[in-house]
Amino acid sequence: MEYNFRDIEKKWQQHWETSGAYTVSNNSTKPKYYVLDMFPYPSGAGLHVGHPLGYIASDIYARYKRLKGFNVLHPMGYDAFGLPAEQYAIEHGIHPAVSTEQNISNFRRQLDNIGLSYDWSREVRTCDPQYYKWTQWIFLQLFNSFYNRQTNKAERISVLIEAFKKEGNKNHPVPDSNYRLPVAGKKGNQFSAEEWNSFDEYTQQSILMEYRLAYCGYGEVNWCEALGTVLANDEVVNGVSERGGYPVVKKKLRQWYLRITEYADRLLEGLERIEFSEAMKEMQTNWIGKSYGAEIDFALKGLQEEKLRVYTTRPDTIFGVDFMVLAPEHELIEKITSPEQKQAVENYIAYVKSRSERERMAEKKITGEFTGAYAINPFNGREIPIWISEYVLAGYGTGAIMAVPCGDERDHKFAKHFGIPITNIMGAHYTGEEANPTKDAVLENSGFITGMVMREAIEVVISKLEEMGIGVRKVNYKMRDAAFSRQRYWGEPFPIVWKQTPAGAIAYPLPESELPLQLPHVDSYKPGPEGEGPLANITAWTSRNLETNTMPGYAGSSWYFLRYMDPKNDQAFCSREASDYWGQVDLYIGGTEHAVGHLLYSRMWTKVLYDLGYIGHDEPYKKLLNQGMIQGSSRFVYRLQWQQMCKGEVDVHAFPQVFISKGLVDRLEKDDKDVQVLLRENIDKILFANGLTIKPDQIVTTPLHVDVNIVDGVTLAIEAFRKWRAEFAQAWLILEDGSIANPNVKSQEGAYICGTEVEKMSKSKFNTVNPDDIIQKYGADTFRMYEMFLGPIDQSKPWDTHGIEGVHRFLKKMWRLFYDEQKGKIWTDEKPTAAELKVLHKTIRKIEEDTERFSFNTAVSAFMVCVNELWELKCHKKEILQPLLILLTPYAPHVCEELWHLLGNTSSVLDAPWPVAEEKYLVESSKEYPVSVNGKLRTTINIALDAPQETVEQLVLSNEVIQKWLGGNTPKKIIYVKGRMVNVVV
RNA sequence: GCGCAUGUGGCGUAAUUGGUAGCCGCGCCAGACUUAGGAUCUGGUGGAGCAAUCCGUGGGGGUUCGAGUCCCUCCAUGCGCACCA
């Protein structure tokens, strides 16, 4: 009876499905545990072997926890709205709903193949109206809430309105301090109760919009023309779109935003309470980018009514300010520029506008222009020239800085470039060569703070500024509010109706009873007028004055982990009862690519829902585990380039396809004369065989990606290669040994060696490996264990199919502990020996430890060690083998369930009692101690574990080998670490 | 440029706390059973040397009885951020 994994896996997968083995209840006396995968976007390409790495890890952990007696929630779903489906629709005319449905069923089939223990009755799809009804509902909660800075949490907008009616906004200043009330003749942004009550509806609603957690406003956004939509900051990488790599430009557009900046501090603080990797926490911390400093108002020379407000983290350097720099967009520029400089400044601004984000990032030229204006240093009255330059960003701080060249690298370069004199306020700490950003220097040339250490002067200066009324302490964040609308079709519609008033349009929420606001069917995905989405083309939509934007991809994924808890609820997004029972996700597994996107947004949504009292916890994930990426290992063949070789004088199509083996290509590149001669002879032969007589000038090859699946290691399967592409059917190959593989002659000796490179796994590089193929060949259990065996879960590594044999052999070997091919059943009911019990209990302990710390690779290795040792002991005893099956169940569930039943069990191994490692089988009385002399290992001596120091010293000193190394000297001391080692110091 | 992480046999890796470096697997070598095997089994496999032994965890230095592990420094690779004042 042999290990027939195909039948076994099919049988149990069906059985588990029909018996509902993975269905989880919200009512259980067992403790709960929630294991979650980052749900996938169901792309048309399907899964490759890289995707399941995290799914397998989470599945092992979920199954392990279940065996340990937990009620485990382990759900799966699809992040099904998004750009690619819509792009596909534009190109192929297939409705996104249709292609998404197809992709999902393909994903599901692939996932099922792996034997993952998901409770599919809880599946969610973000594009399902029953799901996005609640995404829209949560959006309305965001829209109807504001962040109360006094109580430090989100509250109903009605609370704010009540406050405005009674006291104006003196206790709730506008979040954006630069906001100006849309009231004629009104300066500043404060209003009284009377004023509020006198405002018209439009004014009131416009003001409220400034407070809402989801709001609509005009702003600079990342506009991607090719995709026809706006993108969030985290969706733009190096100035191009993350998806597709299209150019992105800054554009002013009406957009919806999430006021995530109000949560900056709580998002930072929350990081201290959750288990994310340090790297992940740091990425979020950097993204939030909190900095402490001061805003300082500088008087302007000859301009009484205006002030120049700058933001600095280094008020201590105020005596070192040699110039000011404004962002080119700064509103003060127009007012302060001198007539002489007007033209130059205008030219400069035009130049800045002409440059794309990408150009700015690529070339770091120092550019700028003098405005002709001067600010006044409040402490010594010094006149400070005001410049403009693109290195100062309009969107951060006040869009203006005080430049201190001796302390800041950029300011220093700017000063040197434009010949601005530099004041040294830190003596020997500044060399004149480069800026020194230290805070530890003693200040010089600094008026009332001269002699102070910079670090301490910061506080002194801020206090002084506040006293003088020209400065305030200020905290700034790099993080911006998140752009929350897309000018696209395939996303959640906003439940918003626009009401036209004479003063302007007002956004009103749709009543909850009208949710879900269903996405209408469209025939065309073309953008609407004026940068609006395809919904703007639908009259049934626009006639109701509905919002035409849709929500971004991260809307649905910001709360899906809650829906799994109560997926069928049509009264609420998730009942409080369900969310209180399941609480936080105990273990969340996924890639690092969502560090600042999804993980930040979902943390914010959770905090809002918590503030509003809908859930009882304010961090969604207790522990995050990042799996590494499995890269592709690409293979290359090297094709002769006739065009270059024959200077274009020939018809390329007349030439045969000729490929040269990697080793020869390498030697050719090193100008190896022998290889050149060899190749020329071979090429002549091939040309002759094809009836051609041309002599090429030089030998040129181009590497081409070749499908990894037709390469064994680095050796090309030549027949498969000829079949792979019609154009290669008649290919000639010059093999590694210099011989020729002729397409018309069947068998040949010698091998064609391919080049290799590690790259991202992708269809276009022909380096994807489909898990279906691996599972077909080796089975799901082997596949699962092999993915884990590859290395630590958090490490990235290239896929290599080769080592899988070892894991497969292990499973076959384990099977043979139970059943022999000839003899059949060989397991027995005999009593185990001490040695066998020791092997088992050692393994129990090791597997438990390794699984708990997510060290799955060492756990697989421990299983191999265990089976090897039992094999050596010729142990076929049920009492040993049965507990081993339980241990292995999380890793290789199918084979374990089969053997479990063959041992005579009638219930499922999925709920078997986890064995307990018993110390009594593991205790040892003595140990083979390593004994070293001066730290160098010389011998080992068997010593009783409870031996005292004197006995050990005697034993060691009487040892022949040690005596030899002592050479008659008396040791200075003997170090004896009980249970570890002995070291003799001479 | 700044920040973080990682460097161990031919390869993937192991060594939970400073305590026998190389477990497990791939590959390779030898043998057994076979008509045959890319099946299975047995043994070997860091380098040098007949051996005793010596050398070995990216390079250099340090702490320690003892360092892959701790500290300093340099190098390489990967990831993240990139004018955030």
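Just so it is clear, the model here is predicted, and its values are computed rather than measured. Throughout, protein chains are lettered first and strands after them, A, B, ... in sequence-line order, and every chain is numbered starting at 1. Values reported hereafter were calculated over all heavy atoms of this structure, with side chains retained and with hydrogens, waters and symmetry mates removed.
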**Student:** Let me know the distance between CD of Glu434(A) and P of rG1(B), rounded to the nearest Å.
**Tutor:**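 After rounding, the reported distance stands at 12 Å.
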**Student:** Looking at every strand, decide which applies to Arg938(A) at a 4.0 Å heavy-atom threshold: base, sugar-phosphate, or nothing.
**Tutor:**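 It contacts sugar-phosphate atoms only.
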**Student:** When the ring planes of Phe863(A) and Phe810(A) are compared, do they come out parallel, tilted or perpendicular, using 30° and 60° as the limits?
**Tutor:**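 Tilted.
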**Student:** Under 4.0 Å, heavy atoms only, any strand: does Pro792(A) hit a base, just the sugar-phosphate, or nothing?
**Tutor:**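 The answer is sugar-phosphate, as Pro792(A) gets under 4.0 Å only of primed atoms, P, OP1 or OP2.
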**Student:** How does protein reach along nucleotides 34-46 of chain B, written 5' to 3' as B (base within reach of a heavy atom under 4.0 Å), S (only sugar-phosphate), or - (no contact)?
**Tutor:** -----SSSS----
**Student:** Is it the case that the side chain of Asn934(A) and the backbone of Val986(A) share a donor-acceptor pair, with hydrogens and angles ignored and the cut-off at 3.5 Å?
**Tutor:**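 Yes, the answer is positive, given that a donor and an acceptor are paired below the 3.5 Å cut-off.
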**Student:** Does the distance from a Lys or Arg side-chain N to an Asp or Glu carboxylate O, for Lys662(A) and Glu736(A), drop under 4.0 Å?
**Tutor:**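 No, no charged N to carboxylate O under 4.0 Å.
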**Student:** The side chain of Tyr311(A) lies closest to which of these nucleotides: rA85(B), rG25(B), rG3(B)?
**Tutor:**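 Nucleotide nearest to Tyr311(A)'s side chain: rA85(B).
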**Student:** Base, sugar-phosphate or nothing for Glu278(A)? Non-hydrogen atoms, less than 4.0 Å.
**Tutor:**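 Here Glu278(A) touches no strand at all.
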**Student:** Closest-nucleotide mapping onto RNA chain B: is Thr592(A) or Glu849(A) further toward the 5' terminus? I mean the 5' end.
**Tutor:**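 Residue closer to the 5' terminus by nearest nucleotide: Glu849(A).
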**Student:** Just how far, in rounded Å, is P of rC24(B) from NZ of Lys846(A)?
**Tutor:**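 The answer, rounded to whole Å, is 12 Å.
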**Student:** Provide the distance between the two C1' atoms, one in rC65(B) and one in rG47(B), to the nearest whole Å.
**Tutor:**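 Nearest-Å result for rC65(B) against rG47(B) at atom C1': 28 Å.
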**Student:** Compute the centroid of each ring, for Tyr786(A) and then for Trp799(A), and state whether the two points are separated by less than 6.0 Å.
**Tutor:**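 Ring centres of Trp799(A) and Tyr786(A) closer than 6.0 Å.
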**Student:** Would a distance-only check, ignoring hydrogens and angles, find a side-chain to backbone donor-acceptor pair under 3.5 Å from Asp322(A) to Pro405(A)?
**Tutor:**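 No.
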**Student:** Taking atom P of rG27(B) as reference, at what distance in whole Å does atom CG of Asp800(A) sit?
**Tutor:**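 To the nearest whole Å, that distance equals 10 Å.
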**Student:** Rounded to the nearest angstrom, tell me the gap between atom CE in Met785(A) and atom P in rC24(B).
**Tutor:**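 Result: 15 Å.
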**Student:** Where the side chain of Phe789(A) is defined as all heavy atoms beyond and including C-beta, which of rG25(B), rA85(B), rA15(B) is the nearest nucleotide?
**Tutor:**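 Nearest listed nucleotide: rG25(B).
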**Student:** If we call it a pair only when both distances are under 3.5 Å in a Watson-Crick or G-U wobble match, what pairs with rA5(B)?
**Tutor:**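 When the pairing criteria are applied, rU77(B) turns out to be the nucleotide that pairs with rA5(B).
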**Student:** Strictly by Watson-Crick or wobble contacts shorter than 3.5 Å, is anything paired with rG19(B), and which nucleotide is it?
**Tutor:**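 Pairing partner, where one exists within any strand: rC65(B).
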**Student:** Should rG27(B) form a Watson-Crick or G-U wobble pair with both distances under 3.5 Å, which nucleotide is its partner?
**Tutor:**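 By the stated definition (distances under 3.5 Å), rU45(B) pairs with rG27(B).
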**Student:** How is Asp411(A) classified with respect to the nucleic acid when contacts are heavy atoms under 4.0 Å: base, sugar-phosphate, or nothing?
**Tutor:**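 Answer is nothing: Asp411(A) stays at 4.0 Å or more from every strand.
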**Student:** Does Trp287(A) or Leu790(A) map to a spot on RNA chain B nearer the 5' end, using the closest nucleotide for each?
**Tutor:**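 The residue closer to the strand's 5' end, by nearest nucleotide, is Leu790(A).
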**Student:** What is the distance from CD of Glu282(A) to P of rG80(B), rounded to the nearest Å?
**Tutor:**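 Taking atom P of rG80(B) as the reference, CD of Glu282(A) is at 14 Å.
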**Student:** Nearest-Å distance, NE2 (His594(A)) to P (rG80(B))?
**Tutor:**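 Going from NE2 in His594(A) over to P in rG80(B) covers 13 Å.
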**Student:** Can you confirm whether Lys281(A) is buried at NZ, in the sense that more than 12 heavy atoms of other residues, nucleotides or ligands lie under 6.0 Å from that atom?
**Tutor:**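 It does: Lys281(A) NZ has more than 12 such atoms within range.
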**Student:** Please pick, from rG25(B), rC4(B), rC83(B), the nucleotide with the shortest atom-to-atom distance to any side-chain atom of Leu393(A).
**Tutor:**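 When the side chain of Leu393(A) is considered, rC83(B) is the closest of rG25(B), rC4(B), rC83(B).
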**Student:** Under a 4.0 Å heavy-atom cut-off, which of residues 975-986 of chain A touch RNA chain B?
**Tutor:**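 Contacting residues: Ile975(A), Val977(A), Arg980(A), Met981(A), Asn983(A), Val985(A).
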**Student:** Paired with rU35(B): which nucleotide, if any, by Watson-Crick or G-U wobble criteria at under 3.5 Å for both distances?
**Tutor:**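 When the pairing criteria are applied, nothing turns out to pair with rU35(B), so the answer is none.
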**Student:** Go ahead and name the base partner of rA14(B); Watson-Crick or wobble counts if both distances stay under 3.5 Å, otherwise write none.
**Tutor:**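 Check on rA14(B): unpaired, no WC or wobble geometry under 3.5 Å.
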**Student:** Taking syn as any angle within 90 degrees of 0 and anti as the rest, which one fits rG78(B)?
**Tutor:**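 Anti, angle beyond 90° from zero.
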**Student:** Mind checking the C1' distance from rA85(B) to rC4(B)? Whole angstroms is fine.
**Tutor:**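 To the nearest whole Å, 23 Å.
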**Student:** Roughly how far, to the nearest 0.5 Å, is the NZ atom of Lys812(A) from the OH atom of Tyr778(A)?
**Tutor:**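 If we round to the nearest 0.5 Å, Tyr778(A):OH and Lys812(A):NZ are 9.0 Å apart.
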**Student:** Find the distance between NZ (Lys413(A)) and CG (Asp408(A)) and round it off to the nearest 0.5 Å.
**Tutor:**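 The NZ atom of Lys413(A) sits 10.0 Å away from the CG atom of Asp408(A).
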**Student:** For rA5(B) and rG60(B), measure between their C1' atoms and round to the nearest Å.
**Tutor:**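 Rounded to whole Å, the distance is 22 Å.
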**Student:** Rounding to the closest angstrom, what is the interatomic distance between rA48(B) and rG43(B) at atom P?
**Tutor:**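 Taking atom P in both rA48(B) and rG43(B), they lie 25 Å apart.
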**Student:** Using the C1' atom as the reference point in each nucleotide, state the distance between rC29(B) and rC79(B) in Å, no decimals.
**Tutor:**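 That atom pair is separated by 40 Å.
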**Student:** Base, sugar-phosphate, or nothing for Lys281(A), non-hydrogen atoms under 4.0 angstrom?
**Tutor:**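 The residue Lys281(A) makes no contact with any strand.
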**Student:** Looking across every strand, which nucleic acid part, if any, lies under 4.0 Å from Asn857(A) by heavy atom: base, sugar-phosphate, or nothing?
**Tutor:**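 Sugar-phosphate only.
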**Student:** Could you let me know what rG56(B) is paired to, Watson-Crick or G-U wobble, both distances under 3.5 Å, or none if it's on its own?
**Tutor:**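 With both distances under 3.5 Å required, rG56(B) matches none.
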**Student:** Any Lys/Arg nitrogen of Glu919(A) or Arg845(A) sitting under 4.0 Å from an Asp/Glu carboxylate oxygen of the other?
**Tutor:**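 Arg845(A) and Glu919(A): salt-bridged.
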**Student:** Tell me which nucleotide among rG80(B), rC26(B), rA21(B) gets nearest to the side chain of Met283(A).
**Tutor:**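 Nearest to the side-chain atoms of Met283(A), counting from C-beta on, is rG80(B).
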**Student:** Taking atom types as modelled, find out whether Thr367(A) and Tyr348(A) have a side-chain donor-acceptor pair closer than 3.5 angstrom.
**Tutor:**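 Yes, because at least one side-chain N or O of Thr367(A) sits under 3.5 Å from a partner of the opposite role on Tyr348(A).
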**Student:** Within the structure shown, what part of the strands sits under 4.0 Å from Ser291(A) by heavy-atom distance: base, sugar-phosphate, or nothing?
**Tutor:**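 Sugar-phosphate, no base atom in range.
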**Student:** To the nearest Å, how far apart are Glu928(A) CD and rU20(B) P?
**Tutor:**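 Nearest whole value for this atom pair: 14 Å.
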**Student:** Between rA85(B) and Tyr396(A), is there an OP1 or OP2 to side-chain N/O distance shorter than 4.0 Å?
**Tutor:**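 Checking rA85(B) against Tyr396(A), a side-chain N or O does come within under 4.0 Å of OP1 or OP2.
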**Student:** What nucleotide among rC81(B), rC4(B), rC65(B) has an atom nearest to a side-chain atom of Lys478(A)?
**Tutor:**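 So the nucleotide nearest the side chain must be rC81(B).
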**Student:** Within the 3.5 Å criterion, strictly below it, is a donor on Ser634(A) or Glu757(A) matched to an acceptor on the partner's side chain?
**Tutor:**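 Their side chains do not contain a donor-acceptor pair, so the 3.5 Å distance test is not met.
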**Student:** Nearest to the Thr858(A) side chain among rA15(B), rC65(B), rU20(B), which nucleotide is it?
**Tutor:**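 Nucleotide nearest to Thr858(A)'s side chain: rA15(B).
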**Student:** Quick one: Leu600(A) CG to rC81(B) P, roughly how many Å, whole number?
**Tutor:**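 Checked: the CG to P distance equals 13 Å.
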**Student:** Picking from rU20(B), rC24(B), rA85(B), which would you name as closest to the side chain of Val865(A)?
**Tutor:**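 Closest nucleotide among those given: rC24(B).
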**Student:** Base, sugar-phosphate, or nothing: which does Trp965(A) touch, judged by heavy atoms less than 4.0 Å apart?
**Tutor:**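 Answer is sugar-phosphate: Trp965(A) comes under 4.0 Å of backbone atoms only.
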**Student:** Which listed nucleotide (rA85(B), rC55(B), rC26(B)) is nearest to the side chain of Thr313(A)?
**Tutor:**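 The closest nucleotide is rA85(B).
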**Student:** Using atom P in both nucleotides, what's the gap between rU73(B) and rG78(B) to the nearest angstrom?
**Tutor:**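 Going atom to atom, P in each nucleotide, I get 23 Å.
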**Student:** Using the C1' atoms only, state how far rG9(B) lies from rG58(B), rounded to an integer number of Å.
**Tutor:**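 It works out to 15 Å between them.
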**Student:** Could you check Glu459(A) against Arg473(A) for salt bridge (Lys or Arg N to Asp or Glu O under 4.0 Å), going step by step and ending with a plain yes or no?
**Tutor:** CA-CA 9 Å; Glu459(A) 275 307 304; Arg473(A) 196 177 307 275; 3.0 Å; yes
**Student:** Measure from the side-chain N and O atoms of Gln963(A) to the backbone N and O of Leu957(A), and report whether any donor-acceptor pair falls under 3.5 Å.
**Tutor:**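 Between the backbone of Leu957(A) and the side chain of Gln963(A) there is a qualifying donor-acceptor contact (under 3.5 Å).
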**Student:** In whole Å, measure the gap between the C1' atoms of rG59(B) and rU8(B) for me.
**Tutor:**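 Comparing C1' positions in rG59(B) and rU8(B) gives a spacing of 15 Å.
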**Student:** Do Val461(A) and Leu465(A) pass the side chain to side chain contact (heavy atoms under 4.5 Å, CB included) test, and can you show the C-alpha distance, the side-chain angles, and the key distance before you say yes or no?
**Tutor:** CA-CA 6 Å; Val461(A) 173; Leu465(A) 289 166; 3.9 Å; yes
